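One structure is given below, encoded as structure tokens.
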Amino acid sequence: MDTLSDEFKQRLKKYYAGELSDQEAAKVEREIQQAEAYQDVMNETFEHDELPPGKVGEILKRSSRRARLTVIGYVVMILLMIYPVLMIGSYVYYGFIERANNLIDVSYSTVYITEPNASVDEFNIEYELGLFTFDVYMDLYKQVGNATIKQGEWVVPFRYNQPDFPERNYTIDQPPEEIPQPDQRLLYHPDAGLSNSQNGGWDTLENLPEGTVAEVYVSLERTVPVDELNRVINDIDAKWLWYAIDTGLDAEASGEDTGYLPPIGYPAQTGNNWSPYNFQAPNDEQFMESLKFLAEYEEQATMIARAKWLELDERIAFLEENGLNAYGGVVTGPAKELLKLRDNDDVRAIRTGEVRLWNW
Amino acid sequence: MELVKKKKGESRLSAAAFIISLISLAHLNIFLLTQESLNGFSFFYMLLPFISLILFIASFFQKGYSRTFGWWGVLIYAFIFVSIVVIFFSAFTIYPKP
């Protein structure tokens with residue numbers, strides 16, 4: 001470009017000095033005409049761009065405002081995308097490899113195993129998925145007589161896959177203690193010492209009027225194979241609702257310094273197909289499967305249960321070696337029928353739970 | 001001297017398409033924060049994207065304008081679509097009831 005320009009300058013100088021031939025001079029004149037025409041176009045094009053000095057500031061302001069709005073637009077967009085991106089991560093985290101489903105299973109399986117005579121309405125389990133939090137809402141029920149009554153609602157909050165203490169809201173007259181003291185235990189192993197308050201169960205039952213049904217927590221004098229438990233209540237009009245299983249640790253659990261160890265057991269009744277204790281397999285088999293599943297999530301199960309420890313591996317090993325023997329459980333029936341258990345030599349102590357008007 | 005083709009700035013139609021997409025994105029945030037049912041689905045995720053798309057297409061008839069915001073608007077709707085699909089698919093796999 002520079003060479004061409006220099007060469008043109010040289011020719012222009014020669015043109016004005018009259019040193020070019022006619023032909024060369026004519027060529028230079030044509031080029032000058034072309035340059036003038038180009039200059040005219042440039043002048044017309046940029047004529048309006050020459051702004052008065054006052055307008056320059058205004059244009060700068062407008063450009064600055066436009067740039068500011070552009071930045072604001074991008075910042076708003078980025079801010080609005082942060083939460084959805086994190087929530088997608090959260091949904092993928094809980095939806096992936098059935099993590100959320102397992103946490104729900106852990107929640108209600110723990111209830112069935114560690115809460116005597118408690119059941120969960122599996123159809124109405126709800127959940128709320130937040131930013132790497134997962135709250136499980138479940139309604140707990142218990143059977144008194146032939147009626148199923150609502151105990152209350154548990155909310156089990158998980159952060160990632162670690163649970164926090166469940167929020168328990170009960171609507172029944174005698175809600176269980178969060179962490180029961182040894183003398184507030186409902187069921188006692190034959191080798192465990194009885195507390196004084198345990199003797200008051202019969203008095204309560206005796207004072208109940210005719211026309212009432214009750215649930216009673218029955219502790220036996222000795223452990224009995226589960227399939228022989230019905231023999232204990234053969235003579236009365238009542239039925240077992242839940243079996244407390246001897247897992248080898250239940251006797252020492254009465255000591256204060258060991259912390260609360262909840263009784264472990266399973267429902268005597270069979271629920272619907274959606275229940276973990278359904279018609280597809282005997283309840284004792286489903287109980288063992290449930291225990292093994294919970295052993296994989298023992299940390300979570302311990303937090304969900306009203307327990308300081310569960311020691312599931314040790315208990316499973318004991319059950320596999322010794323089979324399923326019960327040391328008590330929950331029985332329901334008419335109050336006066338249940339009172340007949342006082343004369344039963346197999347029964348060591350009882351504790352009265354919920355009472356309702358006749359529904360037997 | 002180099003001749004430069006001048007642009008007249010961002011197309012207003014394209015900017016409007018972008019702002020509409022931000023409204024839908026804001027609603028997605030509200031839905032995720034409140035965890036309530038997806039009220040106004042047809043308005044925020046069908047009607048507004050449609051209007052935004054029309055504006056974006058219309059912006060192509062404005063010669064000499066930039067359409068950067070319009071493209072961002074399209075990307076935002078693509079993101080919203082992916083988010084809703086992932087969230088609903090994951091929610092569907094969590095504790096499906098018969």
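Just so you know, these numbers come straight off a predicted model, no measurement behind them. We use all heavy atoms of the structure for the numbers below, so side chains are in, but hydrogens, waters and symmetry mates are not. Order of the sequence lines sets the chain letters (A, B, ...), proteins ahead of strands, with each chain counted from 1.
Note that CZ of B:Phe69 and CG of A:Leu69 are 8.0 Å apart. Values are rounded to the nearest 0.5 Å.
Between chain B and the options A:Met77, A:Arg66, A:Met87, the largest number of non-hydrogen pairs under 4.5 Å is found for A:Met77. In terms of heavy-atom pairs under 4.5 Å with chain A, the best-connected choice from B:Thr68, B:Leu25, B:Ile76 is B:Leu25. Considering only heavy-atom pairs separated by less than 4.5 Å from chain A, the leading option among B:Leu32, B:Ile19, B:Val82, B:Leu22 is B:Leu32. Of the listed residues (B:Phe79, B:Phe92, B:Phe18, B:Phe31), the one with the most heavy-atom contacts under 4.5 Å to chain A is B:Phe79. The candidate from A:Gly95, A:Pro84, A:Ala100 with the greatest count of non-hydrogen atom pairs under 4.5 Å with chain B is A:Pro84. When each of A:Leu129, A:Leu79, A:Asp105 is scored by its heavy-atom pairs under 4.5 Å with chain B, the top score falls to A:Leu129.
Contacts of B:Ile80 with chain A are absent, with no heavy-atom separation under 4.5 Å from either backbone or side chain. Residue A:Phe96 does not touch chain B at all, counting heavy-atom pairs closer than 4.5 Å. Of the two parts of B:Ala15, neither the backbone nor the side chain holds a non-hydrogen atom closer than 4.5 Å to a non-hydrogen atom of chain A. For A:Leu80, the parts lying under 4.5 angstrom from a heavy atom of chain B are both the backbone and the side chain. For B:Leu28, the part lying under 4.5 angstrom from a heavy atom of chain A is the side chain only. Contact annotation for B:Phe89: neither backbone nor side-chain heavy atoms come within less than 4.5 Å of a heavy atom of chain A.
Between A:Tyr94 and B:Tyr95, a ring centre-to-centre spacing not shorter than 6.0 Å is recorded.
Contact annotation: the side chain of A:Tyr91 never approaches that of B:Phe88 to less than 4.5 Å [non-hydrogen atoms, C-beta and beyond].
Residue B:Ser83 comes nearest to A:Ile88 through the heavy atom pair OG-CD1, 3.2 Å, listed as atom of the first residue, atom of the second, then distance.
No donor-acceptor distance shorter than 3.5 angstrom exists from the side chain of A:Asn101 to the backbone of B:Ile94, with no hydrogens or angles considered.
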